[in-house]
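Reading through the structure tokens given below for one structure.
Here the structure is a predicted model, which is why all the values come from computation and not from measurement.
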Amino acid sequence: EDLLWKLEALQSFISDLHWPDPVFAEHLDNRLKLMAADMLEAAGKRTVSAFETIMKRTSKSTDFLLPVEVCVMLNTCVSLKASVFKLCTMGAGENMHEYHTKTDEFLEGIQSRITGGIITRFGEVLEGLLVRLARYDETAMFSSILSIAKPTDEIGKEYIEFCSSNLEQIRHHIYDELLVLSLFDSWYSRQIRLIHDWLVKDRAQASLHAYQVTCLGFIVKKVHGDFELQGVTHDVLDTRQYQSLISRIQTEEATQSIKIGEATSSPKPGPKSLLGSMAGSFSSLSNGKLATSGLSSITSSFSNFLPKSSN
């Protein structure tokens, strides 16, 4: 803001002098516009350099929270772009918009570079989470052990908390509404594309582990709802990728429900049934009533709990 104020004050001061020589006045105006364009570009370069330095020090896990300094940098880009027309457009001549057009395109590229870096970092966080979920693949060696260690959807809740914190950070510290909505659109699309590729493409023929279904279902549905509340339009929300993704998740949820139903409808004999059968047989033995059938009953009770032969 200080830089923009000084450039504007200098140009206003020179303009108010009303130079009597029109040729010199035009030359001076051109020099001032060129200087303003060079200074705005230099400010943009320093901004993106500082952005890259800050992002190198930040985490790639769900602990990541977009630094306030990065939000200020985006606000700076918006302010620089808003001042380009006034500071870099010459008063007359065929090339009056030469500096303005060039500088505006340069600053647009700087802003796109920063927003792209933010979306990339958000994507890296999600990719790390999907790597963690991949450990629960049915073909993974320790998927059953991990299921016992994490019976609920901690990973899903962890990611949604990360999303909520960063949505709030962006909403509170970036002032340009169009830029905020553009960030949200790009971030949402990136999430859906990554999850779609991980689930629908990479695991098209593989059934999911129950924990994966729980986490992904929670993430996709919550992300859709949260970004809808932030103003993301339905043409961005309900894409073909999203429809394909939610259809696969619903299919997996139905499959898991069927598996649970089958498991509960056919319970396996437990320790109590073994003890009861053995107690009845030994009672008959003590009363002298145990025939051949009683002995086979005891043998049968034990055999239910012995591992089956592969033959």
Atom pairs and distances, side-chain donor-acceptor, residues 41-50, under 3.5 Å, sequence neighbours left out:
from : atom 1 : to  : atom 2 : distance (Å)
T47  : OG1    : A43 : O      : 2.8

Nearest heavy-atom pair of L107 and L40: which atoms, and what distance?
CD2-O, 3.8 Å
Looking at K81 and Q111, what are the two nearest heavy atoms and their distance?
CD-OE1, 3.6 Å
Apply side-chain contact (heavy atoms from CB on, under 4.5 Å) to the pair V232 and L181, showing each step before the final yes or no.
CA-CA 7 Å; V232 177; L181 290 177; 5.7 Å; no
For M73 and I54: C-alpha separation, side-chain torsions, deciding distance, then whether side-chain contact (heavy atoms from CB on, under 4.5 Å) applies.
CA-CA 11 Å; M73 291 173 188; I54 289 175; 3.4 Å; yes
Among all residues two or more places apart in sequence or in another chain, which pass the side-chain hydrogen bond (donor to acceptor under 3.5 Å, both in side chains) test with E253?
K221
Rounded to the nearest 0.5 Å, what's the gap from CZ on F51 to CD on E69? Could you check?
12.0 Å
Rounded to the nearest 0.5 Å, what separates atom CG in L237 from atom CD1 in I192?
8.5 Å
Minimal non-hydrogen separation, R190 against T120, with atom names:
NH1-CA, 4.0 Å
Scan residues 242-252 for pairs that pass side-chain hydrogen bond (donor to acceptor under 3.5 Å, both in side chains), counting only residues two or more places apart or in two chains.
R248-E252
L199 vs L208 side-chain heavy atoms within contact, under 4.5 Å:
yes
Measure the CH2-CG distance between W198 and L133 for me, rounded to the nearest 0.5 Å.
5.0 Å
Approximate separation, where rounding is to 0.5 Å, of I118 CD1 and R121 CZ
10.5 Å
Find out whether V84 and T101 are in side-chain contact, i.e. whether some heavy atom of one side chain is under 4.5 Å from a heavy atom of the other.
no
Contacts of E228 meeting side-chain hydrogen bond (donor to acceptor under 3.5 Å, both in side chains) (sequence neighbours excluded), chain-then-number -> H234
Begin from the C-alpha positions of I155 and Y211 and carry the test side-chain contact (heavy atoms from CB on, under 4.5 Å) through to its verdict.
CA-CA 10 Å; I155 291 181; Y211 183 67; 3.4 Å; yes
Indicate the ring-plane relationship of F227 and Y188, choosing parallel, tilted or perpendicular according to the 30° and 60° boundaries.
tilted
When you compare the side chain of L130 with that of L216, does any pair of heavy atoms fall below 4.5 Å?
yes
Suppose the criterion is salt bridge (charged side-chain N to carboxylate O under 4.0 Å, His left out): which pairs have a residue in residues 195-212, not counting sequence neighbours?
D137-R203, D197-K201
R240: what forms a side chain to side chain contact (heavy atoms under 4.5 Å, CB included) with it, not counting sequence neighbours?
none
Would a 4.5 Å heavy-atom cut-off, applied to side chains only, mark E161 and K157 as touching?
no
side-chain hydrogen bond (donor to acceptor under 3.5 Å, both in side chains) partners for E52, two or more places apart:
R113
Let me confirm one number: the NZ-CG distance from K60 to L126, rounded to the nearest 0.5 Å.
14.0 Å
By side-chain hydrogen bond (donor to acceptor under 3.5 Å, both in side chains) - contacts of S83 (at least two apart):
none
If you compare all heavy atoms of I249 against all heavy atoms of G217, which two are closest, and at what distance to 0.1 Å?
CG2-CA, 3.8 Å
Tell me whether E158 is salt-bridged to R132, with the criterion being a basic N under 4.0 Å from an acidic carboxylate O.
yes
Can you tell if the side chain of L66 reaches within under 4.5 Å of the side chain of C71, non-hydrogen atoms only?
yes
For S207 and T255, run side-chain contact (heavy atoms from CB on, under 4.5 Å): C-alpha distance rounded to whole Å, both residues' side-chain angles, the deciding distance at 0.1 Å, then the answer.
CA-CA 9 Å; S207 59; T255 302; 5.8 Å; no
Which residues share a ring pair (Phe, Tyr, Trp, His ring centres under 6.0 Å) with F162, sequence neighbours left out
F122, Y159
Please list all pairs passing the salt bridge (charged side-chain N to carboxylate O under 4.0 Å, His left out) test where one or both residues lie in residues 170-185, with sequence neighbours left out.
R171-E177
Are L129 and I219 side-chain neighbours, meaning at least one heavy-atom pair lies under 4.5 Å?
yes
Which atoms form the tightest heavy-atom contact between C163 and V223, and what is the distance?
SG-CG2, 4.5 Å
How close do T103 and A37 get, heavy atom to heavy atom, and via which atoms?
OG1-CB, 3.2 Å
When you compare the side chain of T58 with that of P67, does any pair of heavy atoms fall below 4.5 Å?
yes
For V68, the hydrophobic cluster (side chain heavy atoms closer than 4.5 Å, chained through members) also holds V72
Does D226 have any salt bridge (charged side-chain N to carboxylate O under 4.0 Å, His left out) partners at least two apart in sequence or in another chain, and if so, which?
K222
Nearest 0.5 Å, what's the CD1-OG1 distance between I160 and T62?
11.5 Å
Under 3.5 Å, is there a donor-acceptor pair between the N75 and H173 side chains?
no
Sidechain-backbone polar pair: E168 side chain, S165 backbone, donor-acceptor under 3.5 Å
no
Indicate yes or no: at least one non-hydrogen side-chain atom of C77 is less than 4.5 angstrom from one of I114.
yes
